[in-house]
Amino acid sequence: MPNAFNFAASPFDCLSPDEQRLVRASVDIAYFPAGAVVLDVGVAPTHLFVIIKGYVTQTEGDEVLATYGPDDCFDGCGLMTGRVGSRFVAAEEVVAYQLAREAVNELIARNTTFGALLFSDLGQKLSALAQRADQHERQSLTMARVDQAFLRPAQMVDAGTDIVSVARLFQAQRTTSVLVTGLNDVPGGGLGIFTNTSLQRAILDGRPLDQLTVGELASSPVVTMRPSDLLGDAMALMLQRRVHRLVVVQDDGQVRGILEALDLFSFLANHSHLITVQIEQAQDLPALAQAAAQITRLIAALYRGGTRIGLMARLVQQLNARLFERAWAMVAPADLVAHSCLFVMGSEGRGEQLLKTDQDNGLVLRDGYTAPPDLDAICQRFSEVLASFGYPECPGLIMVSNPDWRGTVSSFSQRVRQWLLQPEGDSLMQLAIFLDAHAVAGDAALLATVRERVMALVTDNDATLARFAAAIENFGDPAGWWSRLFGLGDEGNAISLKKAGIFPIVHGVRSLALARRVAATGTAERIAALVQDGVLDAALGDELVQSLHFLMGLRLQAGLAEIDTGRVVTGTVDPERLSSLERDLLKEALAVVKRFKVLLRQRLKLDAL
């Protein structure tokens with residue numbers, strides 16, 4: 001039997017052939033009838049158990065902490081501390097390998113990845129997973145450093161240099177940009193940039209080029225990055241700031257070089273830049289639809305290349321925002337665009353959207369502005385356009401086509417005030433949705449004004465905050481999902497990751513952020529602000545971000561598989577399709593969710609409702 005040991009299961013799948021031989025020489029078979037205590041609290045464990053058949057339940061008092069099934073191992077933590085902290089009982093007849101403690105210790109000494117996967121917390125396990133040798137080939141180039149890409153030499157000229165001299169420098173150095181020094185009215189050293197686009201503006205200016213100085217037309221301040229920053233972050237920054245060049249500056253302030261968009265995207269070899277160009281150059285809605293169709297394919301390529309979930313979500317947010325902005329400009333008259341703010345909500349607003357889901361958007365109008373008489377038809381047309389792009393209409397009608405999600409700054413502020421101060425019916429749900437609002441087109445200051453007025457109304461009313469946060473209890477406790485993981489429950493095996501983990505994290509953090517008047521809309525940014533404010537422990541904050549991104553990645557993986565097989569995207573996962581490591585990480589992520597819910601119950605007094 002030991003020769004049949006499954007080395008494809010985590011954490012044993014990272015072992016070398018010599019280490020596998022050590023396992024085979026040190027493993028025995030153990031049998032436990034149903035109800036037998038495998039390990040009890042306080043005993044000194046002598047073996048690591050790996051289940052072959054059956055299920056083992058881990059409990060503390062009357063509380064079930066976890067359930068382990070075939071290919072799962074336990075109790076590594078007990079081996080590390082020398083004392084078992086929980087009770088492990090055979091839920092049914094169990095056959096398991098038992099690996100001697102001495103062999104486990106030798107494996108840990110030889111193989112740091114094995115030790116990390118066996119003992120560490122969720123974040124460390126995910127980090128170890130990313131560093132494994134068999135993952136390196138899949139690791140996306142977005143994880144490479146900026147200084148690993150091609151950096152063009154930075155040509156420097158003084159602000160007083162005339163345009164003709166700069167044009168000669170362009171030709172001599174075969175460059176399309178120069179950095180301009182000595183701009184006295186620019187902070188951070190007076191550095192600007194003059195490009196071939198600036199040269200066109202100089203020609204159209206009409207003045208003699210030998211009398212026109214480069215400083216008059218240089219763009220400033222420049223957008224910078226450090227050599228140690230990631231290329232994926234550089235890509236996101238270019239999309240966000242709508243620039244084609246980044247100035248790479250060392251920690252000592254010295255310019256290292258220029259990172260140009262074409263060089264960056266050639267290095268990364270993905271299509272996000274092409275999608276951006278398609279969106280920018282689209283002259284009509286059919287052309288925009290073609291660009292929209294590319295986004296899901298991009299996400300699939302990035303995910304399969306190993307790109308970080310947080311970065312992927314940021315890229316999607318930037319691409320979708322520009323797509324929606326261009327579509328709105330094609331549907332709405334320019335006067336309406338200028339005097340309104342189109343915003344998105346939900347995961348799109350938080351920057352946590354990956355695959356296309358229901359529309360969640362609204363429109364704030366400037367006070368005193370008279371909207372076009374056909375505003376309703378314009379907004380209906382916009383919702384239809386987004387649906388044709390693959391973003392289904394919201395079943396709850398949380399869209400600009402619904403008059404309830406349109407209004408002036410004053411009327412919208414009053415509506416949100418009622419949601420906050422009169423928490424009845426669906427008002428708290430609507431408030432939660434609105435708190436994630438993110439401007440994508442028009443005058444963003446209009447939305448900012450509404451948000452500022454909302455934050456000014458937030459009180460320390462514990463009852464209101466508790467009712468707002470109580471939605472985390474809507475889907476039961478994560479502990480109930482252990483049996484679902486192994487098909488032991490009466491319900492179906494499919495697990496909704498949104499209900500089990502994503503929503504409790506997102507809404508719990510949103511509740512704490514509301515109480516502290518945190519302006520950020522992204523969950524990771526809210527967590528960072530709460531940690532800085534002392535509301536959340538730094539370790540818990542990191543675990544929450546890691547858990548959220550792991551659950552988002554697992555949900556994306558399942559969604560892409562459904563798309564590939566022509567099924568409807570459901571957002572659920574089938575435990576039978578998870579690897580042992582994925583199942584292990586899922587259990588740990590749900591355990592983080594459980595601890596967070598306990599904190600929320602205590603902090604916001606949810607049990608008093």
Side-chain angles (χ1 to χ4, degrees), residues 340-350 352-353 357-365 367 376 379 383 393-439 446-476 498-499 502-523 526 530 597 600-601 603-609:
S340 67
C341 177
L342 177 71
F343 60 89
V344 294
M345 298 170 286
S347 56
E348 189 71 64
R350 295 191 304 274
E352 295 160 11
Q353 181 65 277
T357 57
D358 299 342
Q359 299 177 38
D360 283 318
N361 47 48
L363 187 70
V364 178
L365 303 168
D367 283 339
D376 191 70
C379 292
S383 294
E393 293 191 355
C394 175
L397 300 180
I398 303 172
M399 303 180 293
V400 294
S401 54
N402 181 354
D404 290 342
W405 287 95
R406 302 195 304 262
T408 63
V409 170
S410 296
S411 64
F412 229 117
S413 298
Q414 180 60 29
R415 194 174 306 159
V416 180
R417 173 189 175 91
Q418 292 175 344
W419 293 340
L420 180 63
L421 301 182
Q422 299 176 10
E424 301 173 355
D426 294 333
S427 62
L428 289 179
M429 179 199 70
Q430 292 169 322
L431 174 63
I433 293 170
F434 179 77
L435 288 176
D436 296 338
H438 174 74
L446 301 176
L447 176 63
T449 299
V450 179
R451 291 181 59 86
E452 288 168 4
R453 293 179 181 179
V454 173
M455 289 302 175
L457 292 171
V458 175
T459 67
D460 295 326
N461 188 313
D462 292 341
T464 298
L465 291 172
R467 282 197 294 270
F468 181 76
I472 65 167
E473 306 287 11
N474 287 350
F475 306 116
K498 180 178 180 179
K499 293 180 179 180
I502 294 174
F503 177 79
I505 293 175
V506 167
H507 189 64
V509 169
R510 181 164 49 205
S511 301
L512 294 175
L514 176 62
R516 303 299 297 183
R517 297 176 174 85
V518 173
T521 56
T523 302
R526 284 170 170 166
L530 292 169
K597 291 176 70 172
L600 290 171
R601 292 189 190 106
R603 187 78 56 85
L604 300 177
K605 302 179 176 61
L606 301 188
D607 293 335
L609 294 177

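- The aromatic rings of Trp405 and Phe412 lie tilted to each other, with the angle between the two planes from 30° to 60°.
- Considering all non-hydrogen atoms of both residues, Asp358 and Cys394 come closest at CB-CA, 4.0 Å.
- Taking the six-membered ring for Trp and thresholds of 30 and 60 degrees, Phe434 and Phe343 have ring planes more than 60 degrees apart, a perpendicular arrangement.
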With side chain to side chain contact (heavy atoms under 4.5 Å, CB included) as the test, would you mind laying out the steps for Leu397 and Met399 before giving the verdict?
-> CA-CA 5 Å; Leu397 300 180; Met399 303 180 293; 4.0 Å; yes
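- Using a 4.5 Å cut-off on side-chain heavy atoms (C-beta onward), Val454 and Glu452 make no contact.
- The two residues Cys379 and Val400 come nearest to each other via the heavy atoms CB-O, 3.3 Å.
- Listed here is the closest heavy atom pair of Pro403 and Asp376: CG-OD1, 4.3 Å.
- Separating the OG atom in Ser511 from the CZ atom in Arg603 is a distance of 12.0 Å, to the nearest 0.5 Å.
- When side chains are defined from C-beta on, Val409 counts as touching Arg453, because their heavy atoms get closer than 4.5 Å.
- Using a cut-off of 4.0 Å between Lys/Arg side-chain N and Asp/Glu carboxylate O, Asp360 and Arg350 are scored as not salt-bridged.
- Closest heavy-atom contact between Met455 and Val518: CE-O, 3.5 Å.
- Between the CG atom in Leu446 and the CG atom in Leu342 there is a gap of 11.5 Å [rounded to 0.5 Å].
- The shortest side-chain heavy-atom distance between Glu348 and His438 does not fall under the 4.5 Å cut-off.
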Before giving the answer on side chain to side chain contact (heavy atoms under 4.5 Å, CB included), spell out for Val364 and Arg451 the whole-Å C-alpha distance, their side-chain angles and the decisive distance to 0.1 Å.
-> CA-CA 11 Å; Val364 178; Arg451 291 181 59 86; over 6 Å; no
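- In terms of modelled atom types and a separation under 3.5 Å, the side chain of Arg415 and the main chain of Arg406 share a donor-acceptor contact.
- When every heavy atom of Gly362 is checked against every heavy atom of Met345, the shortest pair comes out as N-CE, 4.2 Å.
- No side-chain donor from either of Ser347 and Glu352 sits under 3.5 Å from a side-chain acceptor of the other.
- For His507 (side chain) and Phe468 (main-chain N/O), a donor-acceptor pair under 3.5 Å exists by modelled atom type.
- Looking at every heavy atom in both residues, Leu365 comes nearest to Ser340 through CD2-CB, 3.7 Å.
- The side-chain contact (heavy atoms from CB on, under 4.5 Å) test with Ser410 singles out one residue from Asp367, Val450, Thr449, and that residue is Asp367.
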Leu431 vs Leu435, side chain to side chain contact (heavy atoms under 4.5 Å, CB included): CA-CA, chis, key distance, verdict | CA-CA 6 Å; Leu431 174 63; Leu435 288 176; 4.2 Å; yes
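- Between the CG atom in Asn361 and the CG atom in Asn402 there is a gap of 10.5 Å [rounded to 0.5 Å].
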